Amino acid sequence: MKFLPLLSLLCFSSLFAQNPGVDFKTVYASISVNPVKRNVVGQGKYVFDVTQKPDTIRIDAEKMEFTGVKINGAKVQSANNRKQLLLFEGFRTGENTLTFEYEAFPTQTMYFVNWDFTKDNLKPEDINGQIWTQGQGKQTSHWLPSFNDVNEKAIFSLEVTFEKSFEVISNGVLLTKVPKGEEITWKYAMDKPMSSYLVMLAIGHFKKQEDRSASGVPLEMYYEREDSLKLEPTYRYSTKAFDFLENEIGVPYPWKVYRQIPVRDFLYAGMENTSATTFSRDFIVDAIGYNDRNYLNVNAHELAHQWFGDLVTAKTSKDHWLQEGFATYYALLAERKILGDDYFYYKLYQTSRQLREAAKTDKAPVRDAKASSLSFYQKGAWALHILHEALGREKFNLVIRNYLNKYAYRNVTTEDFLEQVKLVADFDTKAFQQKWLDSAEFPEEDVNAALAKNDFIQRYIALQQKPLDLKNDKAEILKILQSDEWYPIRELMVYQHIAEPFEEKSDLLEAALQTGNTNVRQAVAVSLTDIPENFRLQYESLLKDPSYETQELALVNLWKSFPNERIGYVEMSKNWVGFQDKNLRLQHLSLAFMTLDDKEKLKAYQELLMYTGTNYDSNVQQSALQKLLDLQVYTEDVFRSLVYGTANHRWQFVKFSKDNIRKLLKDPKHREVFVKIRSGLPIREKTQLQRLLEE
């Protein structure tokens with residue numbers, strides 16, 4: 001699956017608890033968020049128990065200002081070191097209540113996306129802005145006084161006041177919505193404890209569709225107003241995946257509601273906030289886009305985290321696989337239920353090849369705080385599959401049930417999990433841990449034995465290891481292409497002969513197109529880039545395939561191969577859009593710029609430049625900038641857009657922008673342009689550019 005990188009690191013505790021002898025029980029906050037000032041103003045009421053009086057109680061609070069700090073109703077001395085609120089007095093053994101007012105100006109964790117206040121008379125309902133949070137790895141303490149130590153769990157309730165045309169979403173049950181003039185106050189509450197990094201907030205012009213699981217859990221699936229026709233393909237199989245996971249895990253879904261919210265310019269593929277997953281709007285797709293990049297795997301992965309990560313949370317970074325490995329494996333099990341055994345084993349095979357290759361240089365085992373995402377996620381999932389196969393489904397599921405029930409709403413270690421294995425089965429957990437978790441070696445023998453259980457994979461591997469010869473085995477190749485073999489084998493027939501002359505494989509390519517399979521046909525688009533005239537009509541049929549990736553590949557290859565037909569290809573693609581990142585629209589504009597007259601070229605340039613604006617998602621900005629740079633369009637406006645990219649919240653776009661500015665600065669002519677535009681830039685962008693100029 002085409003997959004945006006998932007977040008791989010948590011803020012785990014140190015060797016000792018953040019507040020030894022202190023247990024925070026409930027956290028209540030009432031806040032107002034201002035997208036103009038980009039600040040949060042609020043009040044807090046935190047209840048905590050003291051069993052052993054400490055010198056200082058610490059609450060993480062990045063760059064916040066506090067007033068009215070009271071414990072048990074009395075004003076107390078406190079300190080604020082800009083990273084933590086420090087409490088020295090006023091608390092007693094037993095239950096205590098802390099109250100305060102605060103203001104925060106979050107520069108990370110809470111993001112303000114697409115807020116445009118420059119247009120005159122712009123009504124709130126016409127603003128396309130969103131506010132969303134990402135606490136894992138970024139720390140909720142940038143906008144809400146909380147606890148960076150994942151071992152400090154509390155019951156969170158959040159009351160949020162915002163402009164009435166927007167939807168406000170947080171964790172837990174929505175208790176009330178109270179109108180207050182032009183605003184609404186939304187009150188959400190959890191009833192079970194969770195770690196602070198799982199607290200979330202999302203604000204935008206969202207709509208929702210509701211469903212219910214077989215067990216009666218409300219399932220809320222959000223979307224933006226303009227994406228209503230994409231609801232079904234985006235959330236396809238969502239309820240089915242929920243029902244499967246709840247049944248397979250064997251422990252009831254631990255929260256009272258489950259929400260999924262797509263947000264713009266998200267940092268990762270998805271995030272498993274307790275009861276409310278946020279995910280990248282890139283996964284909002286129509287029926288065609290579903291064939292190229294669907295949400296199913298991310299959907300199931302983040303849902304599995306509601307048990308593995310949210311209900312039980314790893315104590316330390318070396319136990320991170322208990323979250324990511326489990327979520328990855330259970331997502332794959334959900335896909336197995338929906339898409340079948342061959343799909344399941346094919347994905348296992350693909351990740352096994354990645355792990356085998358990575359093991360040549362990656363010497364950090366799964367239980368290493370510095371392990372790669374590939375290890376945490378995929379090797380962790382493989383370890384569970386090996387365990388699953390060794391114990392059998394019944395015993396494996398019993399282990400999982402016992403593990404989750406015993407450690408519900410608590411923190412766990414790898415030893416805690418393996419202890420549950422030992423209680424259920426006569427299984428050598430020490431050898432398992434050494435081979436799969438504590439060693440960086442790739443257990444090739446175990447993996448091959450597991451893959452051998454699937455006939456499709458055995459045939460696929462055999463054909464990979466001993467490819468059919470085009471000259472001597474053409475009849476067999478054509479027979480495979482004309483069969484109902486699952487697509488990867490038929491796709492393989494095309495890719496294995498990519499270097500063969502067209503004349504010798506033309507009937508193979510013809511047969512591949514006649515399969516009608518989107519993936520096999522896409523293999524033709526990928527493998528044949530220099531198209532002969534006598535194959536043009538057949539190749540042009542790819543332009544109508546239900547795949548935006550295939551359409552883009554075919555359009556570019558046809559445009560390059562047939563100069564006399566270029567105007568026609570540009571004309572026929574003029575209404576194409578593609579994915580959320582507008583891949584087809586941007587490709588059309590690029591070809592139009594190179595093909596049409598000066599008037600149309602100017603229009604294409606102006607539209608490409610428009611997409612570099614900060615009111616578009618950064619992946620659209622980046623793609624449009626890449627097209628302009630490839631076209632060698634070096635204008636002040638293009639350079640200015642690159643500089644704006646250096647201040648974006650997504651590191652991928654920041655890196656792209658800085659790398660390209662560095663290349664351009666090597667040319668004195670371009671350096672002069674950057675110096676010229678520097679004075680008119682906002683302070684953040686000006687600072688970033690100055691640093692690059694001084695390198």
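What's counted below: heavy atoms across the whole structure, side chains too, no hydrogens, waters or symmetry copies. Since we're looking at a predicted model, the values are computed, not measured.
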Asks: How many angstroms lie between atom OG of S238 and atom CD of Q260, to the nearest 0.5 angstrom?
Replies: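 So the OG of S238 and the CD of Q260 are separated by 4.0 Å.
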Asks: For Y46 and P145, indicate whether the former's side chain and the latter's backbone hold a donor-acceptor pair under 3.5 Å.
Replies: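 Between the backbone of P145 and the side chain of Y46 there is a qualifying donor-acceptor contact (under 3.5 Å).
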Asks: Does a donor on one side chain and an acceptor on the other come within less than 3.5 Å for Q652 and Q622?
Replies: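 Absent: no donor and acceptor within the cut-off.
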Asks: Aromatic contact between W486 and Y346, with the criterion being ring centroids under 6.0 Å apart: yes or no?
Replies: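 Centroid distance W486-Y346: below 6.0 Å, so yes.
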Asks: Any donor and acceptor pair, going by atom type alone, linking the side chain of T550 with main-chain N or O of L542 inside 3.5 Å?
Replies: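 Flag not set: sc T550 to bb L542 has no pair under 3.5 Å.
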Asks: Answer yes or no: is there a side-chain heavy-atom contact under 4.5 Å between S352 and W382?
Replies: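 Contact flag for S352/W382 side chains = yes.
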Asks: Counting N and O atoms only, with roles assigned by atom type, does the side chain of T140 sit under 3.5 Å from a partner on the main chain of S196, one being a donor and the other an acceptor?
Replies: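 Looks like yes, one N/O pair under 3.5 Å.
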Asks: Check whether S275 reaches the backbone of N171 with its side chain - one donor and one acceptor, N or O, closer than 3.5 Å.
Replies: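 Side chain of S275 to backbone of N171: no pair is present.
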Asks: Are F279 and H301 close enough that their ring centres sit under 6.0 Å apart?
Replies: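 Ring centres of H301 and F279 not closer than 6.0 Å.
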Asks: Going by distance alone, is a donor N or O of one side chain under 3.5 Å from an acceptor N or O of the other, for T313 and N411?
Replies: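 No, N411 and T313 have no side-chain donor paired with an acceptor closer than 3.5 Å.
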Asks: Taking the side chain as everything from C-beta on, heavy atoms only, tell me whether L144 gets closer than 4.5 Å to T133.
Replies: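 They are not in contact (no side-chain heavy atoms under 4.5 Å apart), so the answer is no.
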Asks: With a 3.5 Å distance limit and no angle check, can you tell me whether R490 reaches the backbone of E485 through a side-chain donor-acceptor pair?
Replies: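 Yes; judged by distance alone, with no hydrogens or angles, the pair exists.
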Asks: Heavy atoms only: give me the nearest A450-I386 pair and the separation to one decimal.
Replies: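 Here A450 and I386 meet closest at CB-CD1, 4.1 Å.
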Asks: Regarding E324 and H305, is there a side-chain donor-to-acceptor distance under 3.5 Å anywhere?
Replies: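 Short answer, yes.
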Asks: Do you know the tightest heavy-atom contact between V263 and F206?
Replies: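 Between these two residues, the closest heavy atoms are CG1-CZ, 4.3 Å.
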Asks: Within this structure, what is the OH-CG distance for the pair Y253 and L245, rounded to the nearest 0.5 Å?
Replies: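 CG of L245 is found 11.5 Å from OH of Y253.
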Asks: Is there a donor-acceptor pair under 3.5 Å between the side chain of E152 and the backbone N or O of F24?
Replies: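 Yes, E152 side chain to F24 backbone: donor-acceptor pair under 3.5 Å.
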Asks: Verify whether one side chain among D286 and Y548 offers a donor that lies under 3.5 Å from an acceptor in the other.
Replies: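 On atom types as modelled, these side chains qualify, holding a pair under 3.5 Å.
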Asks: Using side-chain hydrogen bond (donor to acceptor under 3.5 Å, both in side chains), reason through E335 and Y237 one step at a time and then give a plain yes or no.
Replies: CA-CA 9 Å; E335 288 184 296; Y237 303 123; over 6 Å; no
Asks: L198 and side-chain contact (heavy atoms from CB on, under 4.5 Å): which single residue from Q136, M271, M190 fits?
Replies: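 By the side-chain contact (heavy atoms from CB on, under 4.5 Å) criterion, L198 pairs with just one of Q136, M271, M190: M271.
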Asks: Is the shortest side-chain heavy-atom distance between N294 and P233 below 4.5 Å?
Replies: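 Side-chain contact under 4.5 Å: no.
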Asks: Are any side-chain N or O atoms of E163 and backbone N or O atoms of S165, one a donor and one an acceptor, separated by less than 3.5 Å?
Replies: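 Checked: pair present.
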Asks: Is there a side-chain contact between K192 and L311 (heavy atoms, below 4.5 Å)?
Replies: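 They are not in contact (no side-chain heavy atoms under 4.5 Å apart), so the answer is no.
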Asks: Given 3.5 Å as the limit, does a donor-acceptor pair link the side chain of N247 with the main chain of D243, or not?
Replies: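 Not at all, since once roles are kept as given, no pair shorter than 3.5 Å links the two residues.
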Asks: Run the ring pair (Phe, Tyr, Trp, His ring centres under 6.0 Å) test on F326 and W321 for me, step by step, so that the C-alpha distance in whole Å, both residues' side-chain angles and the decisive distance to 0.1 Å come before the verdict.
Replies: CA-CA 7 Å; F326 275 71; W321 81 283; 5.6 Å; yes
Asks: Which heavy-atom pair separates H388 from F396 by the least distance, and what is that distance?
Replies: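 H388 and F396 have their closest heavy atoms at CA-CD1, 3.6 Å.
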Asks: Under 3.5 Å, is there a donor-acceptor pair linking the side chains of Q522 and D545?
Replies: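 Absent: no donor and acceptor within the cut-off.
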Asks: How far apart are the closest heavy atoms of K177 and P179, and which atoms are they?
Replies: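 Shortest heavy-atom separation between K177 and P179 comes out as O-CD, 3.6 Å.
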Asks: For F308, which of I249, T328, L322 qualifies under side-chain contact (heavy atoms from CB on, under 4.5 Å)?
Replies: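 So, applying the side-chain contact (heavy atoms from CB on, under 4.5 Å) to F308 and each of I249, T328, L322, only I249 qualifies.
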Asks: Is the ring pair H205/F166 parallel, tilted or perpendicular, if the boundaries are 30 and 60 degrees?
Replies: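 Ring orientation, 0 to 90° scale: parallel.
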Asks: Would you call Y409 and P254 a side-chain contact if the rule is heavy atoms closer than 4.5 Å?
Replies: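 Y409 vs P254: side chains touch.
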Asks: Given side-chain contact (heavy atoms from CB on, under 4.5 Å), test E272 with Q306 step by step and report yes or no.
Replies: CA-CA 7 Å; E272 68 279 7; Q306 298 296 320; 4.2 Å; yes
Asks: Could you go step by step and tell me if Q209 and Y235 meet the side-chain contact (heavy atoms from CB on, under 4.5 Å) rule?
Replies: CA-CA 10 Å; Q209 175 174 293; Y235 289 110; over 6 Å; no
Asks: Please tell me whether Y258 and T277 have a donor and an acceptor in their side chains that are separated by less than 3.5 angstrom.
Replies: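 Present: a donor and an acceptor within the cut-off.
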Asks: For P218 versus K256, what's the shortest heavy-atom pair and its separation?
Replies: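 Minimum heavy-atom contact is CD-O, 3.2 Å.
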Asks: Determine whether the side chains of D149 and N151 contain a donor N or O and an acceptor N or O closer than 3.5 Å.
Replies: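 Yes - a donor-acceptor pair under 3.5 Å links their side chains.
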Asks: Heavy-atom count check: over 12 atoms from other residues, nucleotides or ligands less than 6.0 Å from D191 CG?
Replies: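 For D191, atom CG is crowded (more than 12 foreign heavy atoms under 6.0 Å).
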Asks: Could you check whether R410 pairs with D416 (Lys NZ or Arg NE/NH1/NH2 to Asp/Glu carboxylate O, under 4.0 Å)?
Replies: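 Result for this pair is no, no salt bridge flagged.
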Asks: Got a sec: does the CG of D455 have more than 12 other heavy atoms crowding it under 6.0 Å?
Replies: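 12 or below, so no.
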Asks: Could you verify whether a donor N or O on one side chain and an acceptor N or O on the other, from T185 and T161, lie under 3.5 Å apart?
Replies: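 A pair is found: one side chain offers a donor N or O, the other an acceptor, under 3.5 Å apart.
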Asks: How are the rings of F266 and Y268 set relative to one another: parallel (under 30°), tilted (30 to 60°) or perpendicular (over 60°)?
Replies: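 It falls in the perpendicular class, over 60°.
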Asks: Are any side-chain N or O atoms of R259 and backbone N or O atoms of G172, one a donor and one an acceptor, separated by less than 3.5 Å?
Replies: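 Judged by distance alone, yes, a pair lies under 3.5 Å.
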Asks: Determine whether the aromatic ring centres of W132 and F112 lie less than 6.0 Å apart.
Replies: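 No, the ring of W132 stays outside the 6.0 Å limit from the ring of F112, centre to centre.
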Asks: Looking at K208, I'd like to know if its NZ atom is crowded, meaning that more than 12 non-hydrogen atoms belonging to other residues, nucleotides or ligands lie closer than 6.0 Å.
Replies: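 Counting neighbours around NZ of K208, more than 12 heavy atoms of other residues, nucleotides or ligands fall under 6.0 Å, so yes.
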Asks: Hey, are the side chains of E549 and N291 touching, using non-hydrogen atoms and a 4.5 Å cut-off?
Replies: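 Of all side-chain heavy-atom pairs linking N291 with E549, none is under 4.5 Å.
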Asks: Looking at every non-hydrogen atom in both residues, tell me the closest pair between A104 and H142 and how far apart they are.
Replies: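 Shortest heavy-atom separation between A104 and H142 comes out as CB-O, 3.8 Å.
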Asks: Take E220 and E210, measure what side-chain contact (heavy atoms from CB on, under 4.5 Å) needs, and give me the verdict at the end.
Replies: CA-CA 5 Å; E220 299 178 357; E210 297 187 37; 4.2 Å; yes
Asks: Run the side-chain contact (heavy atoms from CB on, under 4.5 Å) check on D227 and R281 step by step: do they pass?
Replies: CA-CA 10 Å; D227 293 329; R281 188 169 176 256; 3.1 Å; yes
Asks: Can you check whether T234 reaches V285 side chain to side chain, under 4.5 Å on heavy atoms?
Replies: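 Heavy-atom side-chain distance check passes, below 4.5 Å.
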Asks: Measure from the side-chain N and O atoms of D265 to the backbone N and O of S618, and report whether any donor-acceptor pair falls under 3.5 Å.
Replies: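 Yes: the side chain of D265 pairs with the backbone of S618.
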Asks: Does one side chain, of Q134 or Y111, offer a donor that lies under 3.5 Å from an acceptor on the other?
Replies: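 Distance-only check fails for Q134 and Y111.
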Asks: Evaluate whether atom NZ of K187 has more than 12 neighbouring non-hydrogen atoms of other residues, nucleotides or ligands under 6.0 angstrom away.
Replies: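 Incorrect, the count does not exceed 12.
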Asks: Would you check, one step at a time, whether the test side-chain hydrogen bond (donor to acceptor under 3.5 Å, both in side chains) holds for D211 with T239?
Replies: CA-CA 8 Å; D211 200 354; T239 303; 2.8 Å; yes
Asks: For E248 and R393, run salt bridge (Lys or Arg N to Asp or Glu O under 4.0 Å): C-alpha distance rounded to whole Å, both residues' side-chain angles, the deciding distance at 0.1 Å, then the answer.
Replies: CA-CA 10 Å; E248 186 69 14; R393 181 171 178 265; 2.7 Å; yes
Asks: Tell me whether the NZ or CZ atom of K337 lies within the 45° cone about the ring axis of F244 and under 6.0 Å from its centre.
Replies: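 No, K337 does not lie over the aromatic ring of F244.
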Asks: Give a yes-or-no answer on whether the side chains of K207 and S228 include a donor-acceptor pair shorter than 3.5 Å.
Replies: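 No, S228 and K207 have no side-chain donor paired with an acceptor closer than 3.5 Å.
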Asks: Is there side-chain contact between K230 and Y290, with at least one heavy-atom pair below 4.5 Å?
Replies: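 Sidechains of Y290 and K230: no contact.
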Asks: Can you see whether S623 engages N583 through a side-chain donor-acceptor pair at a distance of less than 3.5 angstrom?
Replies: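 Result is no, nothing qualifies.
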